[in-house]
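Just so we're on the same page: letters track the sequence lines, and every chain starts at 1.
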Amino acid sequence: MDDPAVKDCTISEISRFNEDLCRIKGWVYNKRSSGKIVFVIVRDGTGLIQAVASREDVGDEGVKLLDRLPQESSIVVVGKVREDKRAPGGYEIHLLDFRVVDEADPDYPITLKEHGVDFLLDHRHLWIRTPRQRAILTVRARFMAACREFLDKQGFIEVSAPILTPSVCEGTTTLFETRYFEDKAYLSQSGQLYMEAAAMALGRVYCFGPTFRAEKSKTRRHLAEFWMVEPEAAYMEFEDLLKFEEAMVSYVVARVLETCEKELREIGRDPEVLAKIVPPFPRMTYDEAVKALQEKGYEIAWGDDFGAPHESEISLMWDKPVFVTHYPKAIKAFYMQPDPSRDDVVLGADLLAPEGYGEITGGGQRIHDFDLLMDRIREHKLPVEDYQWYLDLRKYGSVPHSGFGMGIERAVAWICGLEHVRETAPFPRMLTRMRP
RNA sequence: UCCUCGAUAGCUCAAUGGCAGAGCAUCCGGCUGUUAACCGGAGGGUUGCAGGUUCGAGUCCUGCUCGAGGAGCCA
């Protein structure tokens, strides 16, 4: 068991240890027995492997002990790695020794059979042990790492935005309210305004963290707590922003394909679909999108915002993400820069994922003129005193600048081809669910 | 907030208004290459809650609770 000649290894790298003596530290995922031989499927967080225990190697007692070991018992196994076509995964480990670290209670709730959503979410702390959830969380992690890689390579500096914020930044979405000593505070819905300040200090910046929306949305696309990456760059104008966004989205998709092919297959996602995600992405102006929807029979007038069915319809016209640009000023946020050639639309763009996954990024060029921004704040009836610091950015060396936010869970749900964003969050917070 | 659907064993589900059931899981037994192993046996129920109709309600009616999907909402 503790022989130094035995190599510690993970299941994901088992093929490198063929015919070696290995030690794997994991849990019992499943087992089968056939009299005096026991097959224990061990998982270690990197994958699954079949361990074979026969009477001559571990003795009568060993076989009996393994045979009655409950699912999810923690176990350290030592044995010889063998390539074997009969084993799921192609390799198995012939047990010479093992140690039960903790025998699980025999009533582990997540069996290998089907379960309902409600039950699984109540047991999310155990559900994440299943191969599919492990694969999704791995893709999420690689996706987030790829975002940071790309931004760091492009010279962006990560600047953490505050979570506790003093005011209703945009006055639109419903925020979670909390106490801040003697005052009220709100959980952040976006780090953008702070990133605009940081961009004027460091040039190219991004924040990466959780955001909170207290909206009573109850759909497959919504979470009350989700993560966003929000890049913001000084001197970046609208056209460059769109090029930058498509480069970033293409990069992170390619990186996930490179690092998570096994996981994508495990989830049931065809990697070929993602291999098509390369620049340039198609673009439609809001005008063109409205016209296309009207031709398809939707009752929508110029000036209306898109609902979920409209976004789906537009995204289904392409097999790549599509930018919808130049929205009417009235349906977008107060800080959006108006189009210099046309005052009724803004230099903003939403990126809609293919296959009906909806908006995965939203962004645009920000107003850099002090007077114009002040007008907008007044038009939106926002409290000017709360925005003094934001207006300061336009008083001291203002420059054109742009940025966007990408919702991690929606993007990962699209990349994995999932029905619902809830599976992409380790512990999702939704309208009716805050536990576990 | 609204619309639609749902709630029966630990889990997934079945049961024409007429004895509350199956598979899996659990426990006991069998099997030396299994593939969500298989075979035999056992235990396991306030049918979400509260009323009502009926000779009789898991089933029909009313209210409530909880959940799911969607709408609204959602830089």
Side-chain angles (χ1 to χ4, degrees), chain A residues 29-41 48 50-57 60 63 67-68 70-72 82 84-90 92 94 104-123 126-127 130-131 168-175 188-193 195-196 211-224 226 228 230 232 305-312 327 331-336 346 348-351 358-359 361-366 380 402-407 410 419-420 422 430-433:
Chain A
Y29 175 68
N30 191 20
K31 64 181 193 301
R32 294 178 287 273
S33 75
S34 187
K36 301 297 179 284
I37 187 167
V38 186
F39 301 91
V40 183
I41 312 295
L48 297 174
Q50 171 164 282
V52 187
S54 64
R55 188 165 48 175
E56 57 239 38
D57 289 329
D60 265 352
V63 164
D67 195 19
R68 55 168 295 280
Q71 189 186 1
E72 289 302 318
R82 286 260 174 79
D84 192 312
K85 288 195 181 68
R86 291 170 296 186
E92 58 186 20
H94 288 258
D105 281 1
D107 57 353
Y108 186 70
I110 314 285
T111 64
L112 274 54
K113 292 284 178 180
E114 278 181 53
H115 298 285
V117 171
D118 189 37
F119 178 82
L120 288 170
L121 284 170
D122 282 342
H123 296 84
L126 303 176
W127 185 21
T130 61
V168 181
C169 280
E170 301 195 19
T172 50
T173 66
T174 318
L175 302 186
S188 172
Q189 58 160 330
S190 164
Q192 182 202 313
L193 304 191
M195 288 308 102
E196 290 185 54
T211 51
F212 306 87
R213 306 272 168 101
E215 289 137 16
K216 304 217 168 179
S217 297
K218 213 183 141 182
T219 80
R220 67 184 69 194
R221 302 177 307 281
H222 287 91
L223 295 172
F226 62 97
M228 276 207 296
E230 297 180 271
E232 191 76 30
D305 203 357
F306 297 140
H310 303 120
E311 282 190 1
S312 274
Y327 283 87
I331 58 172
K332 284 293 176 185
F334 72 93
Y335 48 70
M336 292 266 193
V346 294
D350 287 349
L351 185 65
E359 181 187 336
T361 81
Q365 188 169 332
R366 327 298 192 188
H380 281 78
S402 302
F404 71 98
M406 175 160 62
R410 279 192 190 175
E419 284 296 305
H420 199 299
R422 65 186 159 219
M430 293 175 289
L431 180 56
T432 61
R433 198 177 286 278

[X] side chain, from C-beta outward: closest of [options]:
X: A:L121; options: B:A68, B:G33, B:C73; result: B:A68
X: A:R213; options: B:A71, B:U34, B:C74; result: B:C74
X: A:H222; options: B:C73, B:U34, B:A75; result: B:C73
X: A:D118; options: B:A75, B:G33, B:G67; result: B:G67
X: A:V52; options: B:G33, B:G67, B:C74; result: B:G33
X: A:Q192; options: B:U32, B:A75, B:U34; result: B:A75
X: A:V117; options: B:A68, B:U34, B:A75; result: B:A68
X: A:P106; options: B:C73, B:G67, B:U26; result: B:U26
X: A:M336; options: B:C73, B:G67, B:A75; result: B:A75
X: A:T111; options: B:U34, B:A25, B:C73; result: B:A25

Please measure how far the [atom1] atom in [N] lies from the corresponding atom in [M], and state the result in whole Å.
N: B:A14; M: B:C38; atom1: P; result: 23 Å
N: B:U59; M: B:A9; atom1: P; result: 15 Å
N: B:C60; M: B:G72; atom1: C1'; result: 34 Å
N: B:U8; M: B:A22; atom1: C1'; result: 13 Å
N: B:G48; M: B:U32; atom1: P; result: 46 Å

Taking the side chain from [X] and the backbone from [Y], do they hold a donor-acceptor pair closer than 3.5 Å?
X: A:R410; Y: A:E359; result: yes
X: A:D84; Y: A:R86; result: yes
X: A:S54; Y: A:I37; result: no

task = Quickly work out the A:R86 CZ to B:U32 C1' distance and round it to whole Å.
result = 12 Å
Just checking [X]: base, sugar-phosphate only, or nothing, at a heavy-atom cut-off of under 4.0 Å?
X: A:E92; answer: base
X: A:F119; answer: sugar-phosphate
X: A:Q71; answer: nothing
X: A:S217; answer: base
X: A:N30; answer: sugar-phosphate
X: A:H94; answer: base
X: A:G116; answer: sugar-phosphate
X: A:E359; answer: nothing

Counterpart base for [N], defined by Watson-Crick or G-U wobble contacts under 3.5 Å:
N: B:U54; result: none
N: B:U59; result: none
N: B:A22; result: B:U12
N: B:C2; result: B:G70
N: B:C27; result: B:G41
N: B:U32; result: none
N: B:G48; result: B:C64

Looking at [X], I'd like to know whether one of its side-chain N or O atoms comes within less than 4.0 Å of OP1 or OP2 on [N].
X: A:H123; N: B:C11; value: no
X: A:T174; N: B:C74; value: no
X: A:R55; N: B:G33; value: no
X: A:R422; N: B:G67; value: no

key: Comparing A:G191 and A:K216 on RNA chain B - which has the more 5′ nearest nucleotide   = A:K216
Nearest-nucleotide 5' precedence on RNA chain B, A:S34 against A:Y108 = A:Y108
query = Around A:R68, counting heavy atoms of other residues, nucleotides and ligands shown, do more than 12 lie under 6.0 Å from its CZ?
reply = no
ask   = Is the A:H115 ring parallel, tilted or perpendicular to the A:F119 ring (thresholds 30°, 60°)?
value = parallel
inquiry  = When you compare the side chains of A:E196 and A:Y335, does any donor N or O come within less than 3.5 Å of an acceptor on the partner?
reply    = no
request  = Indicate, yes or no, whether a donor-acceptor pair under 3.5 Å links the base of B:A25 to the side chain of A:K113.
outcome  = no
inquiry  = Taking atom types as they are modelled, would you say the side chain of A:E230 forms a donor-acceptor pair with the base of B:A75 within the 3.5 Å cutoff?
reply    = yes
request  = Give, for atom CZ of A:R422 and atom NE2 of A:H222, the distance between the pair rounded to the nearest 0.5 Å.
outcome  = 14.0 Å
task = I would like to know whether A:L121 and A:M430 meet side chain to side chain contact (heavy atoms under 4.5 Å, CB included); could you show each step before the answer?
result = CA-CA 11 Å; A:L121 284 170; A:M430 293 175 289; 3.8 Å; yes
